[in-house]
Structures are given as C-alpha cells and as structure tokens.
Amino acid sequence: MYPVEHSSARLVLREIGIDDVDAVHAIYGDPEATAHLSFEPRTRDQVGQIIARSMVSATTEPRDEYCLAITERESSRLIGYARLALDPHQPKAATMGGALHPSVWRLGYGTETVGILLGLAFDDLGLHRVWAARAPLNTASHKTLLRAGLQEEGRIRQHVLVHGAWRDSITYSILEDEWKGAADGGR
Ligand SMILES: CC(C)(COP(=O)(O)OP(=O)(O)OC[C@H]1O[C@@H](n2cnc3c(N)ncnc32)[C@H](O)[C@@H]1OP(=O)(O)O)[C@@H](O)C(=O)NCCC(=O)NCCS
C-alpha cells in the first residue's frame with residue numbers, strides 16, 4: 001500500500017521523504033528525545049540513510065514497513081516519526097514505534113499517533129496483532145500505550161544493547177478484536 005496518508009483531528013501521518021532529514025534529525029539527534037530509545041542519538045548522515053532506506057522499502061512489494069512523518073495538520077510541520085513494521089516470523093503481526101519532538105510532548109499527540117497507526121494496521125492492512133516495546137524507565141510511553149488501548153504483556157530480559165549496557169524491554173499489545181470492540185464502543 002503506497003502512498004499512505006492518514007489523519008486525525010490534529011495530525012496527518014504521511015510518507016517520509018528526503019526533505020524531512022533535518023526535521024527528523026531534530027528528534028533522533030536529540031539526547032532528550034532518544035533517552036529511552038534503543039539507540040544513541042543519530043548523526044544527520046545516519047538519519048539521511050535511514051530515510052533513504054525507508055523510501056525504498058515504501059515502494060517495495062510486498063511492503064513490510066511503514067515509516068511515516070507525523071505532521072501537524074494546521075501547519076504541516078513535521079513533529080515526529082512513526083514506524084509500523086510487519087513481524088518477519090509471525091503472520092499478520094506488526095510492531096510499532098516512534099518519537100515526537102520534545103516541544104510537542106504532553107499534548108495528546110502520542111496517543112493520537114498510536115490511534116492512527118492502529119487504524120492502518122487493523123482497518124487497512126487487516127492485521128491480527130500489533131505490539132510495542134518500551135524501556136523500563138519510559139513512563140511516558142507506558143501511559144501512552146495504555147491510553148491508546150494496548151495491554152501490558154511482560155518483560156523481555158536484556159533485549160537491547162544501548163549506551164554500552166543491556167537493557168530490558170516491557171512489551172504491550174492489542175489484538176484485532178480489541179481494536180474493533182473499541183470502535184464498536186464509540187472510539
Ligand atoms: C512517548 C511519547 C510518544 C508520548 O507522547 P505524548 O504526545 O507526550 O503523549 P500524550 O500527550 O498522548 O500522553 C499520553 C499519556 O502519557 C502521559 N505522559 C506523557 N508524557 C509523560 C511524561 N514525561 N511523564 C509521565 N507521563 C507522561 C500523559 O499525561 C498521558 O497520560 P494520561 O492518559 O494519564 O493523561 C513522547 O513522550 C516521545 O516521543 N518520547 C520520546 C520517544 C519515545 O519514548 N518513544 C516511545 C518509544 S516506545
């Protein structure tokens with residue numbers, strides 16, 4: 001499915017492009033925004049390479065990765081990066097992740113973004129299960145995932161090697177019928 005563009009009340013998620021490198025680097029090069037992520041702050045070159053790879057994977061069939069720019073609907077400003085990637089070894093399952101620029105945290109955009117990604121996953125792609133993982137200290141992610149309707153599942157021990165040390169991940173998921181039930185209940 002290409003190109004993807006989905007909106008909510010205040011956000012538009014659209015395909016990422018090479019013109020987005022500086023705005024994405026402002027997030028993925030920032031120590032605060034990446035403090036709980038699975039990698040250290042990226043250089044501008046690294047961000048450019050990631051975006052170039054994302055653009056190739058966007059038009060590869062079958063498509064297994066959706067790397068999307070999170071933009072504000074009114075200003076069109078890029079304020080975040082979101083990714084939904086099909087699991088290579090599980091049928092109809094995907095993992096999601098992403099980050100927002102610290103200047104727009106706590107405005108409800110994180111919850112809104114997860115809602116858009118779940119709509120893409122379940123309504124458009126017909127998936128069965130979507131999951132996400134966060135660092136144990138990432139309280140913002142914990143609250144956002146719960147608020148968006150995911151359930152906490154468990155802990156993957158020493159899942160990530162970052163800043164020279166192994167780190168656990170806490171995982172969350174939502175299933176197709178839970179998403180549809182939330183829709184029937186007036187989401
Ligand atoms: C995680 C992130 C996407 C949340 O986005 P956000 O737009 O700030 O979240 P929302 O405004 O939708 O808030 C959702 C909930 O999280 C809470 N929250 C947000 N930031 C918080 C923080 N720093 N500390 C505690 N709670 C926080 C909100 O109060 C809200 O809780 P509520 O349901 O009880 O009202 C954002 O903090 C971010 O981009 N962080 C850096 C990257 C990252 O951690 N990505 C997730 C990887 S798993």
Side-chain angles (χ1 to χ4, degrees), residues 6-14 16 20 22-43 46-47 50-51 54 65-75 77-87 93-121 129-163 165-174 178-179 182 185-187:
H6 275 295
S7 38
S8 58
R10 297 175 297 167
L11 302 178
V12 176
L13 266 60
R14 59 154 173 83
I16 201 97
D20 296 321
D22 286 328
V24 174
H25 181 239
I27 303 163
Y28 279 154
D30 179 54
E32 186 185 10
T34 56
H36 297 302
L37 299 186
S38 56
F39 53 84
E40 295 179 31
R42 310 262 198 216
T43 65
Q46 288 172 324
V47 170
I50 290 165
I51 290 183
S54 303
E65 186 181 46
Y66 297 80
C67 297
L68 303 173
I70 308 168
T71 65
E72 277 181 323
R73 190 198 268 265
E74 276 204 4
S75 64
R77 183 169 69 110
L78 188 152
I79 47 139
Y81 179 91
R83 179 170 179 268
L84 181 79
L86 301 191
D87 287 350
T95 179
M96 66 178 168
L100 292 165
H101 192 276
S103 63
V104 296
W105 288 357
R106 302 196 91 142
L107 298 175
Y109 286 171
T111 309
E112 226 165 289
T113 298
V114 174
I116 295 174
L117 289 178
L118 295 178
L120 170 65
R129 171 189 150 81
V130 175
W131 70 284
R134 67 157 171 101
L137 296 179
N138 194 347
T139 308
S141 176
H142 167 73
K143 289 195 172 175
T144 301
L145 292 167
L146 291 182
R147 188 166 165 190
L150 284 84
Q151 289 183 30
E152 188 173 325
E153 279 191 324
R155 175 179 290 255
I156 306 176
R157 295 183 305 145
Q158 302 203 352
H159 184 212
V160 169
L161 182 60
V162 64
H163 299 294
W166 289 103
R167 196 210 74 197
D168 294 356
S169 291
I170 312 296
T171 65
Y172 297 75
S173 71
I174 180 168
E178 294 164 348
W179 170 254
R187 167 166 48 75

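Every number for a ligand or one of its atoms is a count from 1 in the order of the listing. These numbers were taken from a predicted model, which means no experiment stands behind them.
Neither the backbone nor the side chain of Thr34 comes within contact range of ligand 1; no heavy atom lies under 4.0 Å. Contact annotation: for Ala99 versus ligand 1, heavy atoms closer than 4.0 Å belong to both the backbone and the side chain. With a heavy-atom cut-off of 4.0 Å, Leu145 does not touch ligand 1 at all. When heavy-atom distances to ligand 1 are checked against a 4.0 Å cut-off, Ala133 comes that close only through its backbone atoms N, CA, C and O. Here Arg106 has heavy atoms under 4.0 Å from ligand 1 in both its backbone and its side chain.
Atom 7 (O) of ligand 1 has its closest protein heavy atom at Gly110 N, 2.7 Å. Considering only non-hydrogen protein atoms, atom 30 (C) of ligand 1 sits nearest to Arg147 NH1, 3.7 Å. Of the protein's heavy atoms, Trp105 NE1, 3.6 Å lies nearest to atom 36 (C) of ligand 1. The nearest protein atom to atom 2 (C) of ligand 1, hydrogens excluded, is given as Thr144 OG1, 4.4 Å; this is a heavy-atom distance. Among all non-hydrogen protein atoms, the one lying nearest atom 16 (O) of ligand 1 is Lys143 CB, 3.2 Å. Scanning all protein heavy atoms for the shortest distance to atom 39 (O) of ligand 1 gives Leu100 N, 2.7 Å. For atom 44 (O) of ligand 1, the closest non-hydrogen atom on the protein side is Asn138 ND2, 2.7 Å. Closest to atom 12 (O) of ligand 1, if we only count protein heavy atoms, is Thr111 OG1, 2.6 Å.
The minimum heavy-atom distance between Pro136 and Ile170, with the atom names listed, is CA-CG1, 4.1 Å. Contact between Ala33 and Leu100 at its shortest, heavy atoms only, is CB-O, 4.4 Å.
Relative to atom 20 (N) of ligand 1, the option among Ala140, Ala33, Ser141 with the closest non-hydrogen atom is Ala140.
Put simply, the residue from Asn138, Thr139, Thr144 that forms a side chain to side chain contact (heavy atoms under 4.5 Å, CB included) with Ser141 is Asn138.
Here Ile156 contributes atom CD1 and Thr171 contributes atom OG1; the two are 5.5 Å apart, rounded to the nearest 0.5 Å. Note that OG of Ser173 is 10.5 Å distant from CD of Glu152, once rounded to the nearest 0.5 Å. Taking CE of Met96 as the start and CD1 of Ile174 as the end, the distance is 7.5 Å to the nearest 0.5 Å. Summarising the geometry, atom CG belonging to Leu137 is positioned 9.0 Å from atom CZ belonging to Arg167; distances are rounded to the nearest 0.5 Å.
Judged as a side chain to side chain contact (heavy atoms under 4.5 Å, CB included), and not counting sequence neighbours, the contacts of Ala69 are Arg14, Ile16, Asp20, Thr71, Leu78. In this structure Arg42 satisfies the salt bridge (charged side-chain N to carboxylate O under 4.0 Å, His left out) test with no other residue, sequence neighbours excluded.
Applying the 4.0 Å criterion to heavy atoms of Leu37 picks out, from ligand 1, the atoms 42 (C), 43 (C), 44 (O), 45 (N), 47 (C). The distance from ligand 1 to the heavy atoms of Gly108 drops below 4.0 Å at these ligand atoms: 10 (P), 11 (O), 12 (O). Below 4.0 Å from some heavy atom of Leu107 lie the following atoms of ligand 1, by number and element: 11 (O).
Side-chain N/O atoms of Tyr172 and Arg134 include a donor and acceptor closer than 3.5 Å. Tyr109 and Glu72 share a side-chain donor-acceptor pair at under 3.5 Å.
Residue Gly98 places a heavy atom under 4.0 Å from ligand 1.
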